[in-house]
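As structure tokens, the structure follows; a few thoughts come after it.
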Amino acid sequence: MTKNRHIQNIFRILKATYPDVKTALRHRNPLQLLIATILSAQCTDERVNEVTKKLFKQLKTAQDFVEISLAELEELIRPTGFFKNKAKSVKGCCKAIVENHGGKVPGTLEELVKLPGVGRKTANVVLGSAFGVPGVVVDTHVKRLSQRLELTDNTDPIKIEMDLMKIVPEELWSEFSLQLIFHGRKICKARKPECPLCPLNKVCPYPTQ
DNA sequence: CTCCCGATAT
DNA sequence: ATATCAGGAG
């Protein structure tokens, strides 16, 4: 089986299994998605959604996040873990957004990555789901599945991102990332992957236990 | 590489 | 007890 055939099979099966993927992080605008994504580090999206439901009811604009005290913000986001770092990042982002971007979240990878606490993963989530700009999101799931499916030999997320950008057509970057993320959560889990249930098990090199 | 954070699954 | 959860900074 050629490498191209391998990846085409994966696209076909993922599309059939997850025909209409969208981010699980609840949001109404780019600012909300940016903040939700920062909060999502090492935390389930379910918990992030619980926190942001209250958070976004109380705080609407970037200016609101600049004005709230650090201690208050820390308490509001505490259940997401890493709350001191995340509170600092959220406030820092909003400060930069107010001062340098007229209160609007910037829509390019270059500008997003300059924001404190925003790396390529977070930036590509915002680009893909808030601005409709293609981006490969390499989070813990995409990294693990790319390795199990042998789409990359690398362990560095940036190198994996580059590998996937070569293999995956640009118009599928965001969709493919989301499909791997959903599949990684439900089936191809880090701990105990459910290989017998997996629609990819016929084309996957990973041992099915 | 370590640290940040705490809940949950195994 | 330990690994893992939509990572990023120092």
Side-chain angles (χ1 to χ4, degrees), chain A residues 14 18 21-27 30-53 55-56 70-97 105-106 109-131 133-148 154-161 164 173-197 206 209:
Chain A
L14 286 177
Y18 310 101
V21 282
K22 288 182 295 183
T23 175
L25 296 171
R26 297 186 40 149
H27 64 283
L31 180 67
Q32 289 189 350
L33 181 59
L34 175 65
I35 292 168
T37 308
I38 290 170
L39 298 183
S40 72
Q42 295 300 107
C43 178
T44 62
D45 52 355
E46 193 178 343
R47 191 174 300 278
V48 172
N49 286 336
E50 288 172 18
V51 165
T52 55
K53 189 172 181 181
L55 186 66
F56 296 154
L70 192 58
E72 270 183 284
L73 184 57
E74 285 176 357
E75 283 315 304
L76 285 167
I77 67 172
R78 177 184 279 274
T80 65
F82 297 168
F83 60 91
K84 293 195 176 184
N85 287 345
K86 288 175 181 176
K88 235 174 268 178
S89 296
V90 168
K91 268 185 84 68
C93 280
C94 288
K95 187 176 191 299
I97 287 167
V105 177
L109 183 66
E110 190 186 358
E111 294 300 321
L112 284 167
V113 168
K114 286 182 189 167
L115 300 173
V118 177
R120 298 183 67 89
K121 178 261 169 182
T122 300
N124 278 316
V125 168
V126 173
L127 284 179
S129 293
F131 292 108
V133 176
V136 171
V137 177
V138 180
D139 70 341
T140 180
H141 296 300
V142 173
K143 179 181 178 188
R144 183 179 66 255
L145 271 66
S146 296
Q147 289 166 340
R148 288 180 178 173
N154 287 303
T155 57
D156 174 23
I158 296 182
K159 288 182 181 174
I160 295 176
E161 183 185 328
L164 292 179
W173 285 353
S174 300
E175 182 182 354
F176 182 71
S177 301
L178 280 169
Q179 287 167 336
L180 287 191
I181 290 163
F182 274 82
H183 193 63
R185 291 203 325 166
K186 290 186 182 175
I187 307 285
C188 193
K189 296 177 287 188
R191 279 282 186 95
K192 188 185 156 202
E194 314 239 28
C195 299
L197 300 177
Y206 193 71
Q209 309 204 356

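Residue numbering restarts at 1 for every chain, and letters A, B, ... go by the order of the sequence lines. Scope of the values below: all heavy atoms of this structure, side chains included, with no hydrogens, waters or symmetry mates.
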Quiz item: Which parts of residues 140-147 of chain A get close to DNA chain C, meaning a heavy atom less than 4.0 angstrom away?
Solution: A/Thr140, A/His141, A/Arg144
Quiz item: What integer number of Å spans the P atoms of B/dC5 and C/dG10?
Solution: 14 Å
Exercise. Check the distance between C/dC5's C1' and A/Ile77's CD1 and give it to me in whole angstrom.
Key: 16 Å
Quiz item: Are A/Leu76 and A/Val51 side-chain neighbours, meaning at least one heavy-atom pair lies under 4.5 Å?
Solution: no
Exercise. Round to the nearest Å and state the distance from A/Glu75 atom CD to B/dG6 atom P.
Key: 11 Å
Quiz prompt | A/Glu50 bridged to A/Arg47 by N-O distance under 4.0 Å | solution = no
Quiz item: Under a 4.0 Å N-O cut-off, is there an ion pair linking A/Arg185 with A/Asp45?
Solution: yes
Quiz prompt | Contacting residues from residues 30-44 of chain A, given that a heavy atom lies under 4.0 angstrom of DNA chain B | solution = A/Gln42
Quiz item: In whole Å, what is the span from the NZ atom of A/Lys114 to the C1' atom of C/dA9?
Solution: 18 Å
Quiz item: 5'-most contact on DNA chain C: A/Arg185 or A/Gly117, nearest heavy atom basis?
Solution: A/Arg185
Exercise. Between C/dA6 and B/dC3, how far apart are the P atoms? Round to whole Å, please.
Key: 23 Å
Self-check item: Least distance between heavy atoms, A/Thr23 atom then A/His27 atom
Solution: CG2-CE1, 3.3 Å
Exercise. Kindly compute the distance separating CG (A/Leu109) from NZ (A/Lys114), expressed to the nearest 0.5 Å.
Key: 11.0 Å
Quiz item: Are any non-hydrogen side-chain atoms of A/Leu34 and A/Leu115 less than 4.5 angstrom apart?
Solution: yes
Self-check item: A/Lys121 NZ - C/dG8 P separation (whole Å)
Solution: 6 Å
Practice problem: Could you please name the option among C/dT2, C/dA6, B/dC5 that lies closest to any side-chain atom of A/Arg191? | Solution: C/dT2
Quiz item: Is a donor on one side and an acceptor on the other found under 3.5 Å between the side chain of A/Ser174 and the backbone of A/Gly128?
Solution: no
Quiz item: Mapping A/Asn85 and A/Arg47 to their closest nucleotides on DNA chain B, which lands nearer the 5' end?
Solution: A/Asn85
Quiz item: How long is the line joining CG of A/Asp45 and P of B/dT8, in whole Å?
Solution: 15 Å
Quiz item: To the nearest angstrom, how far is A/Lys84 atom NZ from C/dA9 atom C1'?
Solution: 17 Å
Quiz item: Looking only at atom P, what distance separates C/dT4 and B/dC1, rounded to whole Å?
Solution: 15 Å
Exercise. Name the nucleic acid region contacted by A/Phe82, choosing base, sugar-phosphate or nothing; use a 4.0 angstrom heavy-atom cut-off, strictly under.
Key: base
Quiz item: For atom P, what is the distance between C/dA1 and B/dC4, given to the nearest Å?
Solution: 22 Å
Quiz item: Quick check: does any side chain N or O of A/Arg144 sit under 3.5 Å from a backbone N or O of A/Cys188, one acting as donor and the other as acceptor?
Solution: yes
Quiz prompt | Exam field: side chain A/Asn49 to backbone A/Ala24, donor-acceptor pair closer than 3.5 Å | solution = yes
In a table with atom names and distances, give each donor-acceptor pair under 3.5 Å that connects a side chain of residues 80-87 of chain A to protein atoms at least two apart or in another chain.
from, atom 1, to, atom 2, distance (Å)
A/Thr80, OG1, A/Ile77, O, 2.8
A/Lys86, NZ, A/Leu39, O, 2.7
A/Lys86, NZ, A/Ala41, O, 2.9
A/Lys86, NZ, A/Thr80, O, 2.9
A/Lys86, NZ, A/Gly81, O, 3.3

Practice problem: Grab the CZ-C1' distance between A/Phe83 and B/dG6 for me, whole Å please. | Solution: 9 Å
Quiz prompt | A/Leu109 CG - C/dG8 P separation (whole Å) | solution = 11 Å
Self-check item: First of A/Thr23 and A/Ser89 reached from the 5' end of DNA chain C, by closest nucleotide
Solution: A/Thr23
